[in-house]
A.B. asks: 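First the structure, then my questions, so here it is.
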Amino acid sequence: MQTLDNKWAVILIGPPGSGKDTQAELLARELKFVEIKSSKIIEDKFKLADLNDVVINHEKELHASGQLNTREVVDAWIIERIEEVGATGVGLVGNGWPREIEEVEAEMMAVEKFYPKDSVKIVTITLSEDESVKRNSKRRVCEKNGHPIQKEEIVVCPEDGSAIIFRTDDTPETIKKRYQVYMTQTQPVIDFLSKKGYNVITINGEQPIEDVHRDILDKLW
Ligand SMILES: [Zn+2]
């Protein structure tokens with residue numbers, strides 16, 4: 001059923017708490033695709049940056065003070081990564097982009113340089129606001145880099161060894177606000193892509209992880 005010899009781009013979009021990080025990882029592993037995750041790209045850029053890099057230093061400061069990174073800068077990084085992965089001839093799983101209507105055209109143009117439109121699948125994972133609040137209220141992350149930690153038995157971050165904490169910015173109010181930001185900024189991206197004739201697949205995110213994963217695979221082909 002899985003035509004792995006074809007090159008696919010599967011782009012996951014979903015509100016906070018929809019489990020898209022987990023789903024992106026599962027898909028990338030199962031399909032042997034490369035995941036392109038915006039938060040990971042930013043983290044890597046910070047890690048590998050030359051200390052004198054003015055642009056990255058500015059972005060680091062923004063990040064450290066809790067502000068959003070500059071959209072144009074992050075967009076350029078994402079596009080650069082799409083082109084790197086696309087050029088290697090493997091499939092990609094997109095996670096965390098496009099996030100806003102302002103970036104969608106440039107990013108999809110980069111995608112389509114390597115993946116024909118009928119090989120691009122937009123997977124949107126739905127979740128109610130109540131469920132988003134419920135799930136995000138008990139989110140654990142590592143202290144150093146904020147890596148999300150799902151399994152309860154994990155006591156130090158597998159990636160950087162730092163302690164596990166509850167996210168301090170996860171009050172019901174801030175979670176609701178993030179959900180609303182998603183609905184006003186990212187939902188229009190889905191409508192836009194749908195209108196442009198992309199294959200948009202909608203998945204009910206209010207099911208166990210394995211069921212969401214199976215639903216995605218069932219609907220991809
Ligand atoms: Zn970590």
Side-chain angles (χ1 to χ4, degrees), residues 10-51 53 55-71 73-78 80-82 84-85 90 92-99 125 127 131-175 177-179 181-182 186 205 208-210 212-213 216:
V10 181
I11 298 171
L12 297 183
I13 304 179
S18 60
K20 90 189 142 47
D21 284 349
T22 307
Q23 296 301 331
E25 259 180 60
L26 289 172
L27 276 180
R29 199 182 312 151
E30 176 144 346
L31 304 175
K32 299 188 170 59
F33 285 8
V34 173
E35 183 185 356
I36 300 184
K37 182 180 183 180
S38 52
S39 58
K40 177 82 166 60
I41 291 173
I42 295 170
E43 198 183 294
D44 287 348
K45 284 281 180 187
F46 287 177
K47 221 184 286 178
L48 302 171
D50 184 310
L51 288 175
D53 190 315
V55 172
I56 294 190
N57 284 339
H58 176 63
E59 294 306 316
K60 273 183 171 172
E61 279 166 27
L62 288 174
H63 191 75
S65 64
Q67 290 172 274
L68 284 180
N69 285 111
T70 314
R71 198 183 57 225
V73 173
V74 176
D75 289 355
W77 290 346
I78 293 170
E80 175 189 271
R81 187 75 187 122
I82 293 169
E84 273 169 22
V85 172
V90 295
L92 75 78
V93 175
N95 177 6
W97 56 274
R99 208 170 43 178
I125 306 177
L127 192 75
E131 192 61 25
S132 177
V133 170
K134 211 157 72 183
R135 290 186 183 184
N136 284 302
S137 298
K138 31 187 184 183
R139 255 196 319 176
R140 295 157 75 236
V141 293
C142 85
E143 200 167 19
K144 198 166 168 203
N145 287 306
H147 293 124
I149 306 295
Q150 260 103 20
K151 291 191 182 123
E152 265 178 57
E153 61 269 26
I154 293 180
V155 291
V156 293
C157 178
E159 283 181 65
D160 56 43
S162 71
I164 309 301
I165 54 170
F166 284 101
R167 282 182 56 140
T168 48
D169 55 346
D170 278 345
T171 65
E173 291 68 36
T174 57
I175 298 164
K177 201 171 156 204
R178 287 203 296 267
Y179 187 88
V181 167
Y182 173 83
T186 309
I209 289 171
E210 310 74 56
V212 173
H213 179 59
I216 294 174

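Predicted, not measured: the structure shown is a model, and the values here were computed from it. Counting starts at 1 for both ligands and their atoms, in listed order.
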A.B. asks: Nearest to the Zn ion (ligand 1), which N, O or S atom of His147 do we find?
C.D. replies: ND1

A.B. asks: Give the intermediate values and the outcome of side-chain contact (heavy atoms from CB on, under 4.5 Å) for residues Ile36 and Trp97.
C.D. replies: CA-CA 9 Å; Ile36 300 184; Trp97 56 274; 3.6 Å; yes

A.B. asks: At their closest point, which heavy atom of Val85 faces which heavy atom of Leu92, and how far apart are they?
C.D. replies: CG1-CB, 4.0 Å

A.B. asks: Among the N/O/S atoms of Asp160, which is closest to the Zn ion (ligand 1)? Give the atom name.
C.D. replies: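 Among the N, O or S atoms of Asp160, the one closest to the Zn ion (ligand 1) is OD2.
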
A.B. asks: How wide is the angle at the Zn ion (ligand 1) spanned by Cys157 SG and Cys142 SG, rounded to 10 degrees?
C.D. replies: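 Result: 120°, to 10°.
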
A.B. asks: Please step through side-chain contact (heavy atoms from CB on, under 4.5 Å) for the pair Phe33 and Leu27, ending with a clear verdict.
C.D. replies: CA-CA 8 Å; Phe33 285 8; Leu27 276 180; over 6 Å; no

A.B. asks: Do any of the N/O/S atoms of Glu143, backbone or side chain, fall under 2.8 Å from the Zn ion (ligand 1)?
C.D. replies: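 So Glu143 does not count as coordinating the Zn ion (ligand 1).
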
A.B. asks: Show your working on side-chain contact (heavy atoms from CB on, under 4.5 Å) between Tyr182 and Leu127 and close with a plain yes or no.
C.D. replies: CA-CA 11 Å; Tyr182 173 83; Leu127 192 75; over 6 Å; no

